[in-house]
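Notes for the one structure printed next.
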Amino acid sequence: MENNIKTDAGITIAPVYTESVPMQELPGEFPFTRGVHASMYRDKLWTMRQYAGFSTAEASNERYHYLLQQGVMGLSVAFDLPTQIGYDSDHPMSEGEVGKVGVAIDSIEDMERLFKGIRLEDISTSMTINATGFILLAFYIALAKRQGADLKKLSGTIQNDILKEYAARGTFIYPPKPSMRLITDIFDYCSREVPKWNTISISGYHIREAGADAVQELAFTLANGKAYLKAALDRGLDINIFARRLSFFFNAHNHLFEEVAKFRAARRMWAHLTKDMGATDPKAQMLRFHTQTGGSTLTAQQPHNNIVRVTVQTLAATLGGTQSLHTNGYDEALSLPTEEAARIALRTQQIVGYESGIADTVDPLAGSYYVEALTNEVEAKAWELIEKIDVMGGAVAAIEQGFMQDEIARSAYRYQREIESGEKVIVGVNKFAVKEGAAGEVFRVDDSIRQVQTERLQVLREKRDQAKVAGLLQRLETAAGTTENLMPIVVEAVEHYCTLGEIADVLRKVWGEHKGI
């Protein structure tokens with residue numbers, strides 16, 4: 001590592017500081033407390049993503065091109081609720097929700113519109129999709145093939161974390177066992193066909209948004225990760241191969257030092273956990289993670305205050321060593337982010353990355369008595385929770401028994417009581433409030449989007465080879481009752497214009513639907 005970085009006053013900055021750091025730990029070395037790369041941001045800043053998706057694929061495509069022009073390094077796609085739970089836009093259950101909290105994707109044609117003018121081989125794409133993650137991945141792979149891309153170079157992530165849906169979020173379709181089968185199908189398929197693809201983003205974000213505290217977010221996320229490792233091992237997969245493509249997705253909240261400690265503890269815990277389960281390759285022991293600033297911390301009151309909150313959270317994520325980051329728009333407590341809010345959110349990352357100096361040395365807070373002690377304490381408390389989950393039989397059993405859900409609910413209730421009593425100060429809400437006028441510009445999606453998508457589906461269904469579609473859906477139904485990997489069939493099905501809802505419905509027919517705890 002060259003040492004040519006100086007402060008504004010001309011003081012030379014060392015690439016890494018080791019004095020006062022426990023056991024003289026170095027970044028890039030087991031157990032990776034200080035970071036998964038030896039040089040961290042000195043060589044390359046984190047990937048600056050902006051989560052976007054709304055309305056039609058064309059509207060989202062326009063926002064993606066705008067963000068890329070503004071300096072975004074990777075795309076992050078939000079999907080609407082019908083897409084997330086396996087309904088085409090013309091399904092009765094989709095009414096009122098098409099294009100609202102994300103983009104509507106019903107077919108490979110929508111995927112083509114979404115990425116028009118964007119070479120998939122040249123961009124990293126993260127897709128926040130879970131129950132139907134296998135279908136969206138199939139759309140993406142099929143589109144890449146149409147573009148003539150080398151699938152071995154295709155990079156990105158599908159969230160694909162169904163356990164946190166049962167525990168915290170609710171956009172599940174199938175029961176746990178077949179859902180876990182789909183995930184291991186993806187692990188197996190991608191290791192051969194798209195080896196640079198991150199096959200799951202094990203998500204603490206939504207666990208935190210549901211009301212968990214930092215320790216619970218960490219413990220429940222790693223417990224879920226452990227369950228995925230076990231499922232893949234039971235499938236006969238090599239942990240040194242599939243674990244290299246697992247990534248994590250964490251929340252960044254306002255307590256700067258606790259969040260930094262959480263991220264540092266997460267790396268150390270995952271390194272030991274994977275090693276104990278048989279991983280010998282350092283890359284299979286590394287916890288790599290994406291971060292999003294805390295949506296639940298945003299306030300509708302005095303929304304410009306959220307710019308400051310997002311900045312603090314950006315510092316927490318980057319001081320904690322995140323690999324990529326999305327920063328929320330200041331107006332997201334009111335609506336989808338306006339273009340101005342999205343730009344300010346991106347500029348927040350860029351200012352921190354290029355002007356603050358935190359990228360000049362690795363793990364800048366290492367050696368702080370406070371940060372090191374907090375890292376140890378967060379880790380110890382998280383292990384206590386994981387041990388309780390292990391006694392229950394693992395994450396799936398803990399979710400089935402309602403343990404995670406109850407713990408999150410208690411934490412959320414406690415937090416809300418602290419706000420209402422004034423013990424916890426939320427600036428502009430329960431302290432320093434002002435009389436405010438009507439909200440300024442807000443971003444709304446028109447209900448006519450459903451009609452647009454419905455008409456497109458009608459045209460698609462009329463022009464496709466119906467016999468081929470029927471045959472592929474029948475093949476999928478038959479294979480779903482066996483141990484055959486479903487991904488090759490799903491990729492072929494979407495290439496021949498089978499829709500998301502049709503594929504999801506075939507598996508509903510075979511496996512049924514999960515009704516919740």
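We number each residue from 1, following the sequence as shown.
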Item to check | Lys/Arg-Asp/Glu bridge criterion (N-O < 4.0 Å) met for E384, K381 | outcome: no
Checklist entry - Quick one: does R34's side chain have a donor or acceptor within less than 3.5 Å of a partner on G28's backbone? => result no
Checklist entry - What pair of heavy atoms forms the shortest contact from R63 to T338, and how long is it? => result NH2-C, 4.0 Å
Next on the checklist: According to salt bridge (charged side-chain N to carboxylate O under 4.0 Å, His left out), does anything in residues 413-424 pair up with another residue at least two apart or in another chain? List the pairs.
Outcome noted: D213-R414
Next on the checklist: Within the 3.5 Å criterion, strictly below it, is a donor on R410 or Q216 matched to an acceptor on the partner's side chain?
Outcome noted: no
Next on the checklist: Determine whether S296 and H253 satisfy the following criterion, side-chain contact (heavy atoms from CB on, under 4.5 Å), listing intermediate values before the conclusion.
Outcome noted: CA-CA 9 Å; S296 61; H253 269 229; 3.6 Å; yes
Checklist entry - Can you tell me if E372 uses its side chain to pair, donor with acceptor, with the backbone of G367 under 3.5 Å? => result yes
Checklist entry - Which value, rounded to the nearest 0.5 Å, describes the distance between L114 atom CG and S60 atom OG? => result 6.0 Å
Checklist entry - Is a side-chain donor or acceptor of N160 paired with a backbone partner of G133 at a separation under 3.5 angstrom? => result no
Next on the checklist: If I take atom CG from residue L137 and atom OG1 from residue T125, how far apart are they, to the nearest 0.5 angstrom?
Outcome noted: 11.5 Å
Next on the checklist: So W270 and L273, do their side chains get closer than 4.5 Å, heavy atoms only?
Outcome noted: yes
Next on the checklist: Can you tell me how the ring of Y64 sits relative to the ring of F115, calling it parallel under 30°, perpendicular over 60° and tilted otherwise?
Outcome noted: parallel
Item to check | Any donor-acceptor N/O pair, H65 side chain to K116 backbone, under 3.5 Å | outcome: yes
Checklist entry - Passes side-chain contact (heavy atoms from CB on, under 4.5 Å), V308 versus V427? Steps please. => result CA-CA 11 Å; V308 182; V427 173; over 6 Å; no
Checklist entry - Just how far is it from atom CG of N224 to atom CD1 of I389, taken to the nearest 0.5 Å? => result 7.5 Å
Item to check | Option among T291, T322, L319, L325 that satisfies the side chain to side chain contact (heavy atoms under 4.5 Å, CB included) test with T314 | outcome: L325
Next on the checklist: Evaluate L143 against E112 for side-chain contact (heavy atoms from CB on, under 4.5 Å), listing each step before the verdict.
Outcome noted: CA-CA 7 Å; L143 177 57; E112 284 183 303; 3.4 Å; yes
Item to check | Option from Q292, H206, E209 for which side-chain hydrogen bond (donor to acceptor under 3.5 Å, both in side chains) with N251 holds | outcome: E209
Checklist entry - Quick one: CD1 on I202 to CD1 on I207, what's the gap to the nearest 0.5 Å? => result 10.5 Å
Item to check | Any side-chain heavy-atom pair of R309 and V312 under 4.5 Å | outcome: no
Checklist entry - With no hydrogens and no angle check, is any side-chain donor or acceptor of R245 less than 3.5 Å from a backbone partner on K196? => result yes
Next on the checklist: Quick check on side chain to side chain contact (heavy atoms under 4.5 Å, CB included): which of T293, N306, L334 does L298 satisfy it with?
Outcome noted: N306
Checklist entry - Do T83 and V103 have side-chain heavy atoms sitting under 4.5 Å apart? => result no
Item to check | Note, T221 side chain near K164 side chain (heavy atom, < 4.5 Å) | outcome: no
Next on the checklist: Checking the side chain of N130 only, and the main-chain atoms of D161 only, is there a donor and an acceptor separated by less than 3.5 Å?
Outcome noted: yes
Item to check | Member of R267, K262, R264 meeting the side-chain hydrogen bond (donor to acceptor under 3.5 Å, both in side chains) criterion with T375 | outcome: R264
Next on the checklist: As an exercise, state the distance from CE of M404 to CD1 of I399, rounded to the nearest 0.5 Å.
Outcome noted: 4.5 Å
Checklist entry - Quick one: side-chain hydrogen bond (donor to acceptor under 3.5 Å, both in side chains) partners of Y66, sequence neighbours excluded? => result R343
Checklist entry - Do W383 and E379 have side-chain N/O donor and acceptor atoms under 3.5 Å apart? => result yes
Checklist entry - So, are E407 and K388 salt-bridged, with charged N and O less than 4.0 Å apart? => result no
Checklist entry - Is the shortest heavy-atom distance from the side chain of V16 to the side chain of D363 under 4.5 Å? => result no
Item to check | Any donor-acceptor N/O pair, Q84 side chain to G102 backbone, under 3.5 Å | outcome: no
Checklist entry - Any side-chain donor paired with an acceptor under 3.5 Å for T47 and Q323? => result no
Next on the checklist: Is it the case that the side chain of Q285 and the backbone of A279 share a donor-acceptor pair, with hydrogens and angles ignored and the cut-off at 3.5 Å?
Outcome noted: yes
Checklist outcome for this item: Minimal heavy-atom distance between H255 and Y370, with the atoms involved, is CE1-OH, 3.4 Å
Item to check | Distance-only polar pair, side chains of Y41 and T318, donor-acceptor under 3.5 Å | outcome: no
Checklist entry - A243 and L229: which non-hydrogen atoms are nearest, and at how many Å? => result CB-CD2, 4.3 Å
Item to check | Heavy-atom check, side chain of L346 versus side chain of M48, under 4.5 Å | outcome: yes
Checklist entry - Do T157 and S324 have side chains that get closer than 4.5 Å, going by heavy atoms? => result no
Next on the checklist: Applying side-chain hydrogen bond (donor to acceptor under 3.5 Å, both in side chains) to R347 and Q350, what does each step give before you reach the verdict?
Outcome noted: CA-CA 5 Å; R347 293 290 182 257; Q350 291 166 334; 2.7 Å; yes
Checklist entry - Is it true that a side-chain atom of N430 and a backbone atom of I426 form a donor plus acceptor pair closer than 3.5 Å? => result yes
Checklist entry - Is the Y166 ring parallel, tilted or perpendicular to the H514 ring (thresholds 30°, 60°)? => result perpendicular
Checklist entry - Taking atom CD of E377 as the centre, does the number of heavy atoms from other residues, nucleotides or ligands within less than 6.0 Å exceed 12? => result no
Item to check | Distance, nearest 0.5 Å, that separates CD1 of I307 from CD1 of I344 | outcome: 4.5 Å
Item to check | Worked check of side-chain contact (heavy atoms from CB on, under 4.5 Å) between M127 and Q159 | outcome: CA-CA 6 Å; M127 295 188 281; Q159 191 167 104; over 6 Å; no
Next on the checklist: Less than 4.5 Å apart, side chain to side chain, heavy atoms only: is that true for L68 and I118?
Outcome noted: yes
Checklist entry - Are K275 and F30 in a cation-pi setup, meaning NZ or CZ lies under 6.0 angstrom from the ring centre and within 45 degrees of the ring axis? => result yes
Next on the checklist: Is a donor from one side chain sitting under 3.5 angstrom from an acceptor on the other, for S203 and R169?
Outcome noted: no
Item to check | Any donor-acceptor N or O pair under 3.5 Å, side chains R42, N4 | outcome: no
Checklist outcome for this item: Minimal heavy-atom distance between L500 and Y87, with the atoms involved, is CD2-N, 3.8 Å
Next on the checklist: Per the ring pair (Phe, Tyr, Trp, His ring centres under 6.0 Å) rule, what does the pair list look like for residues 284-324, sequence neighbours excluded?
Outcome noted: F249-H290, F250-F289, F263-F289, H304-Y330
Checklist entry - Looking only at heavy atoms, what is the nearest atom pair of T199 and I158, with distance? => result O-CG1, 3.8 Å
Item to check | CD/E58: more than 12 non-hydrogen atoms of other groups inside 6.0 Å | outcome: yes
Next on the checklist: If we ignore hydrogens and angles and just use 3.5 Å, is the side chain of T361 paired with the main-chain N or O of P15 as donor and acceptor?
Outcome noted: yes
Checklist outcome for this item: All heavy atoms of N328 vs all of G295, minimum pair found to be ND2-N, 3.4 Å
